[in-house]
Amino acid sequence: MNDTPRARRRRLRRALLASAAGTAVLGGVLVTLPWGEQAPPPAPTPPERALAAVTSGVPAALPDLEALAAERERHLRTHPGDARAWAELGAARTEQGLRLADPRYWPRAEKALRTALKVREDSVPALRGMAVLANARRDYEDARAWGEAARKLEPERWTTYPPLIEASAGLGDDEETGRLLERLAKLRSGPAVMARAAAVYRDRGWREDAAAKLADAASAAGEPVERAAYLERAGQLAWERGDREDALRHFQEAVRTDPDQRAAQAGQGRALAALGRTTEALSAYRTALARRPRPEYALELGELYESLGMRPAAQVQYGLLRERVRLAAAHGGDEELVLGRFEADHGDAGAAVRRLRAEWKRQPSTEVADALGWALHRAGEHEEALPFAVRATEGTEGGGVRSALFAYHRGMIEHAVERYGAARRHLTEALQINPWFSPLHAPRAKEALARLGEPSVQAGPQSS
């Protein structure tokens with residue numbers, strides 16, 4: 001064999017080429033093997049989870065919210081000119097106030113959001129944050145103004161629309177609410193949009209459509225806290241249609257999914273009371289109030305105590321209600337609606353009328369129409385009360401909320417003005433919608449129906 005230096009160099013080159021080719025093949029095999037795969041991205045941190053939630057208008061876990069707020073505060077000590085960080089801090093504080101029913105968070109949230117706007121007056125996240133904060137305070141006029149300012153700057157940003165929809169609903173502007181929802185649906189899909197649509201459908205009396213949207217939202221929700229919020233709303237819909245067992249299942253699943261879901265805890269109290277499980281109901285209400293002392297829950301628990309003949313215990317809850325209303329007012333919140341409802345049934349009906357007239361002038365929603373009509377009735381102004389009761393049960397376009405309480409109020413007002421046929425019809429409707437709608441008022445609806453008796457064949461039909 002001729003083993004010249006030149007031949008040796010050719011053999012070495014062929015060997016090297018073969019080795020390189022083999023290595024390339026081996027490398028191709030290696031990248032397909034499990035041990036060659038890239039590691040999955042790290043799970044989001046608590047502040048990242050909270051930020052994703054508050055910037056998308058969905059609930060966030062309380063520990064995550066505190067982590068986000070603390071992180072932003074640390075960052076802002078050295079970067080006070082970061083408008084986005086100020087807006088995110090404000091959004092976190094607003095959500096904390098909502099989840100804890102603690103209005104003391106509102107001034108802190110507002111200070112952060114206004115600082116963001118001082119740093120950058122066209123900060124859309126800060127403008128949107130101010131709209132969310134105004135809704136939390138039940139100041140729907142301001143919420144609409146802030147939301148419209150954000151929409152003017154970025155009309156294609158979908159997150160501006162949910163607070164605008166909430167504000168329009170609070171102001172009783174059904175047509176604008178519908179237009180905003182249509183626009184939102186064109187810009188975005190997903191669980192947050194489904195849940196917002198469900199709220200609008202519920203207000204229109206489209207209960208089945210609302211329930212379907214909430215079921216889809218719960219199935220598609222990302223974080224457990226978001227899913228729990230949609231389960232709670234589904235439980236509320238089930239309760240409103242009088243399905244105690246289904247409501248309780250939804251509420252219990254919501255609490256299992258997120259133990260801080262106190263609205264679902266109060267919902268369990270409602271459903272358990274209706275099922276006759278009174279001891280459990282009282283415990284559920286107390287648990288809800290311990291961590292989320294909303295005045296509505298105090299009113300419900302007080303009325304449950306009252307229905308059981310436990311007047312001193314009821315008075316304790318009514319005192320808590322007044323305290324929480326005062327606390328909200330001291331921090332820019334508006335709880336006049338629940339206070340007016342309380343005064344109409346348990347306090348000064350005349351004072352309730354004055355409060356609710358002012359509320360109606362500011363934000364003429366379905367809920368305020370019902371409360372004002374009932375307060376007028378309780379104050380002896382039955383004829384003036386009736387148009388408000390009609391507005392609450394029929395809406396502006398004949399399709400209002402299907403509420404047993406609203407139907408009961410209308411029936412009792414009609415009874416007072418001697419429209420007995422209409423009264424019988426609406427009292428019957430209240431008990432058909434939900435026979436257990438109130439531990440105090442459902443028995444009174446039954447008593448009123450018994451007094452009315454069967455309709456007289458000779459009397460003929462009566463107009464409503």
*What residue among Glu240, Glu208, Glu429 forms salt bridge (Lys or Arg N to Asp or Glu O under 4.0 Å) with Arg402?*
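It is Glu429; the other options fail the test.
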For atom [atom1] of [X], decide whether the heavy atoms of other residues, nucleotides or ligands shown that lie under 6.0 angstrom number more than 12.
X	atom1	answer
Arg104	CZ	no
Arg84	CZ	no
Glu121	CD	no

_Polar contact flag, side-chain donor to acceptor under 3.5 angstrom, Glu66-Gln96_ =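 A pair is found: one side chain offers a donor N or O, the other an acceptor, under 3.5 Å apart.
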*asked:* Strictly by salt bridge (charged side-chain N to carboxylate O under 4.0 Å, His left out), give each pair with a member in residues 42-58 just once, sequence neighbours left out.
replied: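 For residues 42-58, and leaving out neighbouring residues, the salt bridge (charged side-chain N to carboxylate O under 4.0 Å, His left out) pairs sorted by first residue read Arg49-Asp64.
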Does a side-chain N-to-carboxylate-O contact under 4.0 Å join [X] and [Y]?
X	Y	value
Arg362	Asp334	yes
Glu176	Arg179	yes
Asp246	Arg241	yes
Arg410	Glu394	yes
Glu296	Arg324	no
Asp122	Arg120	yes

*Does NZ or CZ of Arg357 come closer than 6.0 Å to the centre of the six-membered ring of Trp360, within 45° of the ring's axis?*
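Judged by the rule (NZ or CZ under 6.0 Å from the ring centre, within 45° of its axis), Arg357 is not positioned above Trp360.
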*Cationic tip of Arg128 within the cone over Trp146's six-membered ring, i.e. under 6.0 Å and within 45° of the normal?*
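Verdict for Trp146: no cation-pi partner in Arg128.
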*Any chance the rings of Tyr408 and Phe437 have centres within less than 6.0 Å?*
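Yes: the rings meet the under 6.0 Å criterion.
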_Check against side-chain hydrogen bond (donor to acceptor under 3.5 Å, both in side chains), His346 and Glu303_ = CA-CA 9 Å; His346 307 283; Glu303 291 188 339; 2.8 Å; yes
